[in-house]
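So the structure is just underneath, and the comments pick up after that.
Being a predicted model, the structure only gives us computed values, none of them experimental. Numbering of ligands and ligand atoms starts at 1, following listing order.
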Amino acid sequence: MSDTGFVLHGAVTWCEDPKSIRSFPDAYVVCVNGICRGVYEELPAEYANLPQEDFWDKLIIPGMTDLHTHAPQYQFRGLHMDLELMDWLEQYAFPEEAAYKRRLYAERAYDLFVEELYCGATTRAVIFATKHVGATLRLMDLLEETGLVTYVGKVNMDRNVPDYYCETTEESLAATKKWLKKAEGRYERTSPILTPRFTPACSRELLAGLAELRKEYRLPVQSHVSESPQEIELVRELEKGISCYADSYDRCGLLGAEPKTVLAHGVWSDETEIALLAERGVFLAHCPQSNWNVRSGIAPVRKFLDAGVPVGLGSDVAGGSTTSIFTAMKDAVQASKMYWRYVCPDEAPLTLPEVFYMATKGGGAFFGNVGSFEPGYEFDAVVLDDSAYPTMRELTPAERLERLLYLSDDRAIVGKYVRGSRLY
Ligand code: GUN
Ligand code: FE
């Protein structure tokens, strides 16, 4: 088969490391067979015959990864911000998720979520569904149609969840196996991820059962860790003898770099927990907006970075109100400034390159070589039109990106590419 490719021309900006942003006002990004061949100010002769899409002065950036979100909670985004995590789950999240038992409701509600994800700057996402097999498969079907690349998890819970939404250990494992069987061979872009909700809702037997499936099917894992003080207290009561919250997953065999694990939050992670996540190569999904909406706190992100934990950003809808990873970048910087001011003056606030890195290459690493325009990376790109914000200044592409983040505007998308295919 002969090579197929194309060239995009415009103002290009991306991150190869968390220290600096690459930024070219007039450049070419080359894609061949779905893989990036790099960014050039002068187009090399070997690519001169590829079809070119000229975006002129529009901004071309790598696609964003949302490393943690809850599709069924999208229906109450921007609502119910009056409770702490555990009460918030009980009063708002569980009743809403239970509604996905109804096929028609799930179908319509997931359609709205998927449409929004398709329209935004996110090209990859790691997603919680509900406990329901049918609804989770429907969500996967809808996501597959969009061209986005995602991991989706049927949620597992066998304790401390209201009866109307709980499962027994056996039911939970059997339903997971049934779901995996039905999903097998059905998708190109949508993959299952094991999803124990969090330790308060998962017995040791359930976690151990899921760890067996992890090994057998070589599946990645997603969950929550050390999000709120009340939650952590409950974990300490339930699971005696653990060195830290994450140890409740580790001792069952759920943490590792291959297959990968991602844990959301780590707001209250101590040195022991951070060291454990670093040692196991576990990803942290930092979800700053959710952390203040449900009054959990501010995650010590720099401690995770210094320890070598791979960090990406999560919207955590509906703890977070928006699916926008642009907003998550801005929120991460702002939250880190408050952390520096009020909590730890030794920990410098996060910088723009650091959060841009987390949103692209940092979180993208959960999917492999994703989130950069370096040669060899899968070609995910978003083209943005920022002409709605005129200025007398001559801005670099990196400054234009910064403005869009602070204006929370990633909606003016004129092109979106995933694995080298143009979605629109
Ligand atoms: N911990 C367990 N479940 C959830 C959830 O749905 N949202 C958040 N923010 N934290 C959780
Ligand atoms: Fe969450």
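Look at Glu227 and the Fe ion (ligand 2): no N/O/S atom of the residue is under 2.8 Å from the metal.
Using modelled atom types and a 3.5 Å distance limit, the side chains of Thr323 and Glu116 yield a donor-acceptor pair. Checked by atom type, the side-chain pair Ser172/Glu167 shows a donor-acceptor distance below 3.5 Å. Side-chain atoms of Asp141 and Tyr187 form a donor-acceptor pair, as typed in the model, at a separation below 3.5 Å. Using modelled atom types and a 3.5 Å distance limit, the side chains of Tyr245 and Glu231 yield a donor-acceptor pair.
Between His224 atom NE2 and His70 atom NE2, the angle centred on the Fe ion (ligand 2) amounts to 100° (nearest 10°).
Ranked by closest heavy atom to atom 11 (C) of ligand 1, the top entry among His224, His265, Glu231 is His224.
Looking at His68, its N, O or S atom nearest to the Fe ion (ligand 2) turns out to be NE2. Nearest to the Fe ion (ligand 2), among the N, O or S atoms that Asp316 has, is OD1.
The number of heavy-atom neighbours closer than 6.0 Å to CH2 of Trp268, taken from other residues, nucleotides and ligands shown, is 12 or below. Remark: Gln230 CD is packed, more than 12 non-hydrogen atoms of other residues, nucleotides or ligands lying under 6.0 Å away.
Distances below 4.0 Å separate heavy atoms of Asp316 from the following atoms of ligand 1: 8 (C), 9 (N). For ligand 1 and Leu85, the ligand atoms under 4.0 Å from any heavy atom of the residue are 8 (C), 9 (N), 10 (N), 11 (C). Listed by atom number, the atoms of ligand 1 under 4.0 Å from Glu227 heavy atoms are 1 (N), 8 (C), 9 (N), 10 (N), 11 (C).
Proximity of Trp88 to ligand 1, defined as any heavy-atom pair under 4.0 Å, is confined to the side chain (atoms from C-beta onward).
Aromatic ring centres of Tyr389 and Tyr406 lie farther apart than the 6.0 Å criterion allows.
The closest protein non-hydrogen atom to atom 3 (N) of ligand 1 is Arg197 NE, 2.8 Å.
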